[in-house]
Every structure is written in C-alpha cells, then in structure tokens.
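A short write-up of the structure that comes next.
Proteins get letters first, then strands, A, B, ... in listed order; numbering begins at 1 in each. Basis for what follows: all heavy atoms, side chains included, without hydrogens, waters or symmetry-related copies.
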Protein chains: 2
Amino acid sequence: MESPQKTTSAHDKLLRAAAALFYDNGIGGTGIDAVVQRAGVAKKSLYNNFTSKADLVSQYLEARHAEWLALNDARQEGAQTPRERILAVFDAYRDHAEFAYERGFRGCGLLNAAAELTADDPGRQVVRRHKEEVEALLLAPLSELLPDDPARAGRLARQLSFLLEGAMARAGLEGSSDQLLEARAMAADLLVTL
Amino acid sequence: MESPQKTTSAHDKLLRAAAALFYDNGIGGTGIDAVVQRAGVAKKSLYNNFTSKADLVSQYLEARHAEWLALNDARQEGAQTPRERILAVFDAYRDHAEFAYERGFRGCGLLNAAAELTADDPGRQVVRRHKEEVEALLLAPLSELLPDDPARAGRLARQLSFLLEGAMARAGLEGSSDQLLEARAMAADLLVTL
DNA sequence: AGATATAGGTATACAGACCTACCTACTCCG
DNA sequence: CGGAGTAGGTAGGTCTGTATACCTATATCT
C-alpha cells in the first residue's frame, strides 16, 4: 500500500518540515540538513522517501496546491450563488494566507517558489497548473452569470485572477494579508454590475 | 570624485553582469565567480567596489528601480491627459519587461528578488519603496480626475496597482509579456467610466 | 617622475551545500 | 522465527559559495 500511517510517517514529517522551511527561508535558502533536523528524522530517511531535494521540492509544491484546493472546497460548500462562488475563491486564498509559519506571512508559497526556480525547472509547471485551475474556478461562475457573452466572462475571469495575484504579491511584500481582503472587496464591487 | 568614467568602470561592468545573471538565474542561484567572469573583471575589483554580495544585490535592486523610473519618465513625456498618464505607467512596465536577458522574460526583477529574500533582508525595503512609488504615480492622475472623491481615487489606484502587479506575476510565470498588454486594456476599460 | 589607488590573476581559507556509506535497531509479514 | 524493509545516527566525500591574501601591472594625480 501507499503508507498505512505507522506512527507519523517520516514522509509526512519531512514534508511538513520542508513546507515550513521552504516557505520561511526560500527553497535555495533551505538546506537538507535543516529539513531533517526539523523533521527529527535521519538523513537516510529523506533519501528513502525522496530521490533528491528536487523531488522534495516538487512534492512540496504539489502539497501546497492540494492544500489550497481543500480550503477552496470547504469555502465552496457554503456558497450558493455564482457570485458567492467567485468570492469564495478569494476567501480560500485568504484562508491559505493564514498558513503562516514562524517567520510570518510571506505571500503565495507557489509564486515565491516559481520566482526562485529557473525557467526550465519542472516545478514551475506545477505553479502554472495551479494558476490555471484558479482561473478556471473563477471562469465557471462567470460563464453562468454571462451565458450570452463568453468573451466578457473570460476577460473578467482574467481580470479577477490578476487582481488576486497582485493582491497576493503585495501582501507577501508587506507581510500582511489585509490586501486580500481589499481585493475581495474590489471583486465584489466588480460583480455588482452583473 | 565619484568615478569620472575611466574606460568603463569596473563598478558598472559588475552591475551590468550582475543584473543579467541575477535576473536570469535568481540571486541565490548566481555565484560571485559567475558575476566576475561575465564582467571580465578580477574578483578583487568586486570587493573593491562592493563590500559584499549583499551590497551588490542592494545596488542591483536600486539600479533596476532607477531604470524603471527612467522608462516611466520617457513615457510620461508623451502623455497629456491624466488618463494617458495612468496608461503610461502600464506602458513603462511593458517597456521594462523588454529588458529580457538571454534566458527570456521572467517577470519583475524586483518582485522576484523580494520573493527570494528573507523577511528581514534590507533589499525588500527597496522593493517596497518601488511599489509605493508606482502606486503614487497612479494616484496622482486619479486625484485629478476625482478631485471630490479622494477615497475612491485611492481605491482605484490600489486596484490598478494590484492589476499591474498581478499581470506582471503571471507574465513572469508564463514567460511572456502579453499579460501586461491585457492589463493595460483592462485599465483603459476601468477609466472610461470616469 | 614618483606616489597612490585601482586592476588582473591565482591561490586559498572556511563554511555550507547535496548526497552516500556504514552500522545498528525496530517493525512488519509470511 | 527469520528475512526484508525502514529508521536512527554518524561520518565522510565532493562540490560550490563567499571572502581574503599576495603579488604584479597599470592608471591617475600632485
């Protein structure tokens, strides 16, 4: 089987430790030794569960994406109208921002990672997929609201996703997640005319 | 005096080389040796002109900020109305995006650097100042357009700056600067109602 | 011209990176 | 039970990074 949870599998402990350190100090700024020390496991265990640091990074990115999806699903549960489903995406982003580790909020972990990965790194693909998925989640309700104008729905989805991304980038710079609330309010404003 | 241009001062050669390498490979991904080799300069010269790599990074960030300001000034020359002055800021960002080195476009160098710098790094302060300055450049014409509603002008400036930032972040991910054109069009749309 | 500062170039200290090796111990499973 | 797989722990190997030292050569300034 995959891993029927022995105590708390070394794999999970490593991923959790890597998540905190990668987010706080950056990927390049985090050494293998720091990860195993924080995880409280032997270095051997790391290389039993991951083929390399790049593999650990890749799984870290996937995990953060999955983490956000779960938060979004939870928010979508409570959303009824298309308009609420759009704002739920903004709420999910804000929820995700609460995942700050000890060094404080530093913006979107996926975006930060992409900024530090080289252009050909496979990890960037994960980040691109994430952003596409978010945009699709914005587009679906908009298409419902504007069934006769798909072009406008597409432009609006893109605009909202830019807004979200920009708010996240600025939030990371300032170290606060207030910008995500602002962005949500802006999105709500844009939607009242529909 | 400062440095009355001997031939092409080592300081400039180093900054130019660092700019290309930092932008293409990231700051952490760029070693001192690579910088001096590309600059065609001795390592001694680096440590004569800069106290450390951190100093080089800091001056790199300042230089990119100044570079953008120059591009913006040029664009503002041709702008007459407040509306044009706002769109000129978007144009300047697009101009700046054309500063791609051999590895292609990778988004806003300042934002990428901030993503990879730790929370307490002084370099982040430079990036914050840059973003504040951009937002101020957006706010001034909006205050002219909305002299009786400064609150709305402020919100709009912030929204436009989020739009710009988000487009830049996405553009860096995709490796293309088309998103900046989209953002300019969105901004133009938002301004027609004023 | 002579003094001072800057530059080239190589060698090197010193730390930290990623990864592997070896040995021991526990646990799972037929 | 006995063997295989996973885990802990330490040690080391190789590479790369930042920064300095030393010596020579060139350029600038009085």
Taking Watson-Crick (N1-N3 plus N6-O4 or O6-N4) and G-U wobble (N1-O2, O6-N3), each under 3.5 Å, can you produce the dot-bracket string of DNA chain D? Use [ ] for crossing pairs and | for inter-strand ones. ||||||||||||||||||||||||||||||

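Along DNA chain D, the nucleotide closest to Ala10(A) and the one closest to Ala54(B) are compared, and the more 5′ of them pairs with Ala10(A).
Regarding Ile32(A), its CD1 atom lies at a distance of 7 Å from the C1' atom of dC18(C), rounded to whole Å. Here the C1' atom of nucleotide dT18(D) and the CG atom of Asp33(B) are 9 Å apart, to the nearest Å. What separates CG of Leu56(A) from P of dC18(C) is a distance of 10 Å, to the nearest Å. Whole-Å rounding puts the Leu46(B) CG to dT18(D) P distance at 10 Å. For the pair Leu14(B) CG and dT6(C) C1', the interatomic distance rounds to 13 Å; values are reported in whole Å. To the nearest angstrom, P of dG17(D) lies 12 Å from CZ of Phe22(B). In this structure, Asn48(A) places its CG atom 12 Å from P of dA21(C), rounding to the nearest Å. For Asn25(B) and dG17(D), the CG to P distance is 11 Å, given to the nearest whole Å.
The line from CD of Gln59(A) to CZ of Phe50(A) is 4.5 Å long, rounded to the nearest 0.5 Å. With values rounded to the nearest 0.5 angstrom, Phe22(A) atom CZ is found 5.5 Å from Lys53(A) atom NZ. Rounding to the nearest 0.5 Å gives a distance of 6.5 Å between CG of Leu14(B) and CG of Asn49(B). For the atom pair NE2 (His96(A)) and CZ (Phe105(A)), the distance works out to 9.5 Å, reported to the nearest 0.5 Å.
Counted within 6.0 Å of CD on Gln37(A), heavy atoms from surrounding residues, nucleotides or ligands total 12 or fewer; the atom is thus considered open.
Here Glu174(A) pairs with nothing under the side-chain hydrogen bond (donor to acceptor under 3.5 Å, both in side chains) rule; sequence neighbours left out. In terms of the side-chain hydrogen bond (donor to acceptor under 3.5 Å, both in side chains) criterion, Asp148(A) has no residue partners (sequence neighbours excluded). Contacts of Asp121(B) classified as side-chain hydrogen bond (donor to acceptor under 3.5 Å, both in side chains), with partners at least two apart in sequence or in another chain: none.
Under a 4.0 Å N-O distance rule, the pair Arg184(B)/Asp91(B) qualifies as a salt bridge. Comment: Glu182(B) does not engage Arg170(B) in a salt bridge, judged by the lack of any side-chain N to carboxylate O separation of less than 4.0 angstrom.
Relative to the six-membered ring of Tyr23(A), Arg64(A) meets both conditions, a distance below 6.0 Å and an angle of at most 45° to the axis.
In this structure, Thr51(A) reaches neither bases nor backbone, as no heavy-atom distance under 4.0 Å exists between it and the strands shown.
The listed nucleotides are dG8(C), dG8(D), dC19(C); the one nearest the side chain of Ser45(A) is dG8(D). Relative to the side chain of Tyr47(B), the nucleotides dA7(D), dT20(D), dC18(C) differ in distance, and dT20(D) lies closest.
Contacts between residues 120-127 of chain A and DNA chain D, defined by a heavy-atom separation under 4.0 Å, are absent.
An OP1 or OP2 oxygen of dA7(D) is reached within less than 4.0 angstrom by a side-chain nitrogen or oxygen of Asn49(A).
By the criterion of side-chain heavy atoms lying less than 4.5 angstrom apart, applied directly or through intervening Ile, Leu, Val, Met, Phe, Trp or Tyr residues, Leu139(B) is not grouped with Leu146(B); the two fall into different hydrophobic clusters.
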Base versus backbone protein contacts along nucleotides 9-15 of chain D [heavy-atom cut-off under 4.0 Å; B, S, -]: B-BB---

